[in-house]
Amino acid sequence: MSQVASNLQIDSARLWETIHETAKFGATPKGGVRRLTLGPEDKQVRDWFKKACEAAGLEVHVDTLGSMFGLRKGRDMSKPPVGLGSHLDTQPTGGKFDGVLGTLAALEVVRTLNDAGIETDAPICIVNWTNEEGSRFAPAMMASAAYAGHFTTDDILSRKDAEGVSVAEALDDIGYRGETPVGTQKFLSFVELHIEQGPTLEAESKTIGVVDSGQGVLWYDGKITGFESHAGTTPMPLRRDALAALAEMVLAMESIAKKLGPKAVGTIGEAVIANPSRNVIPGEVAFTIDCRSADAAIMEALDQGLRQAAAEISARRKVEVALDLIWRKPPTHFDPKLIDAVENATKSLGYSNRRITSGAGHDACNLNTIMPAAMIFVPCKDGISHNELEDATQADCTAGANVLMHTVLALAGVAS
Ligand code: GLV
Ligand code: MN
Ligand code: MN
């Protein structure tokens, strides 16, 4: 690599400014971001991103699930590009960094290479994947999963949000149902920078997490059906209270995950009482479950434990407990050569580091099933994420973006 390329650093102030500029799209009063996938704020940030990509000389195209690709030519256009990026959608009460850092750092890498006049051998392609978060449409990371062939495009287009709006309708509403068939844009490999979203790096004062694995995920839609009846007149032993049964399911989830710990987590994050009324015993409750582990055997045990708990609660309380497994994502083991590339870039830049497992799901986990993929983590304050308080320092974000750039340069090669 030339002297210029090996000493290259991204523009920290410019990266920081773009993170804060895009945080205006869906800004919440508490300093977070609410930018649900394919909603009006997502359109705003997508329009901003498209313009910024074009201004940086990238050729932008959008696939039929709305994922955005910005291609920077390389010397050898017979090679597929090295991919880098993440997502710009957020949780309903999300932060400024989850997904945003990886996408805008990818843009910053391009801007830095442009400023330095560096041409890579293979092209590079920056990506904003549609619906990583999964809070409006399930499952999470649906566009990269379709890209990897885990779902068909038509299946994903037909998924509906809580209001009955389909992905296809939502894409049309904001004008982002692109022309490029999903999977057309090929990659040599893919690298994603992200905040850790957990407490490990901060606790150990490490700047970079070299991600070697990721947790598998089980998502269920659940429904408990009991019997609605009068809150004043129905004696306690005669009730079939769906909400009381759900309370037991919540505690069962907690205890199953704790028993299988520390490598297991389980959460009931949504619950909706049908026809709620203060003086009616709840007769029907819908809920969701998210449980995860990086160990396939523990995932199996989580599933078994949940099903046993559901059967036991159902029989004892005389309610029906339905658990529908809507998504099973196996644990991820990132590509060893790419992990080494991230580690080498980190060491050559002199940043403290450790190997780490991702607790969260990421588009790179899906992509890793069909191409070499890797991830770079930087610390976030108090390990907090999926929360408006989510925070990270400019220095750590800069370090992560530098590692991203040097990993990509090593993978794409610098034209001589
Ligand atoms: C994605 O944000 C996840 O739920 O891990
Ligand atoms: Mn994310
Ligand atoms: Mn997230």
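Both counts, for ligands and for their atoms, begin at 1 and track the order of listing.
- Near Gly361, meaning under 4.0 Å from one of its heavy atoms, ligand 1 places the atoms 1 (C), 3 (C), 5 (O).
- Listed by atom number, the atoms of ligand 1 under 4.0 Å from Ala360 heavy atoms are 5 (O).
- For residue Glu133, an N/O/S atom approaches the Mn ion (ligand 3) to within less than 2.8 Å.
- Side chains of His87 and Asp98: a donor-acceptor N/O pair is present below 3.5 angstrom, by distance only.
- Looking at His386, Glu133, Arg292, it is Arg292 that brings a heavy atom closest to atom 4 (O) of ligand 1.
- Using 4.0 Å as the threshold, Glu132 has a heavy atom nearer than that to some atom of ligand 1.
- Rounding to 10 degrees, one finds that the Mn ion (ligand 2) sits at the corner of an angle of 90° between Asp98 OD1 and His87 NE2.
- Using a 3.5 Å distance cut-off with no hydrogens or angles, the side chains of Ser385 and Glu390 do pair a donor with an acceptor.
- Residue Ala140 has no nitrogen or oxygen atom sitting less than 3.5 Å from a nitrogen or oxygen atom of ligand 1, judged on distance alone.
- No donor-acceptor contact under 3.5 angstrom links the side chains of Glu132 and Ser86, judged on distance only.
- Using a 4.5 Å heavy-atom cutoff, the side chains of Phe187 and Tyr147 are in contact.
- Side-chain N or O atoms of Thr90 include one that pairs as donor or acceptor with a backbone N or O of Val33 at under 3.5 Å.
- Taking the six-membered ring wherever Trp is involved, the centroid distance between the rings of Phe334 and His362 does not fall below 6.0 Å.
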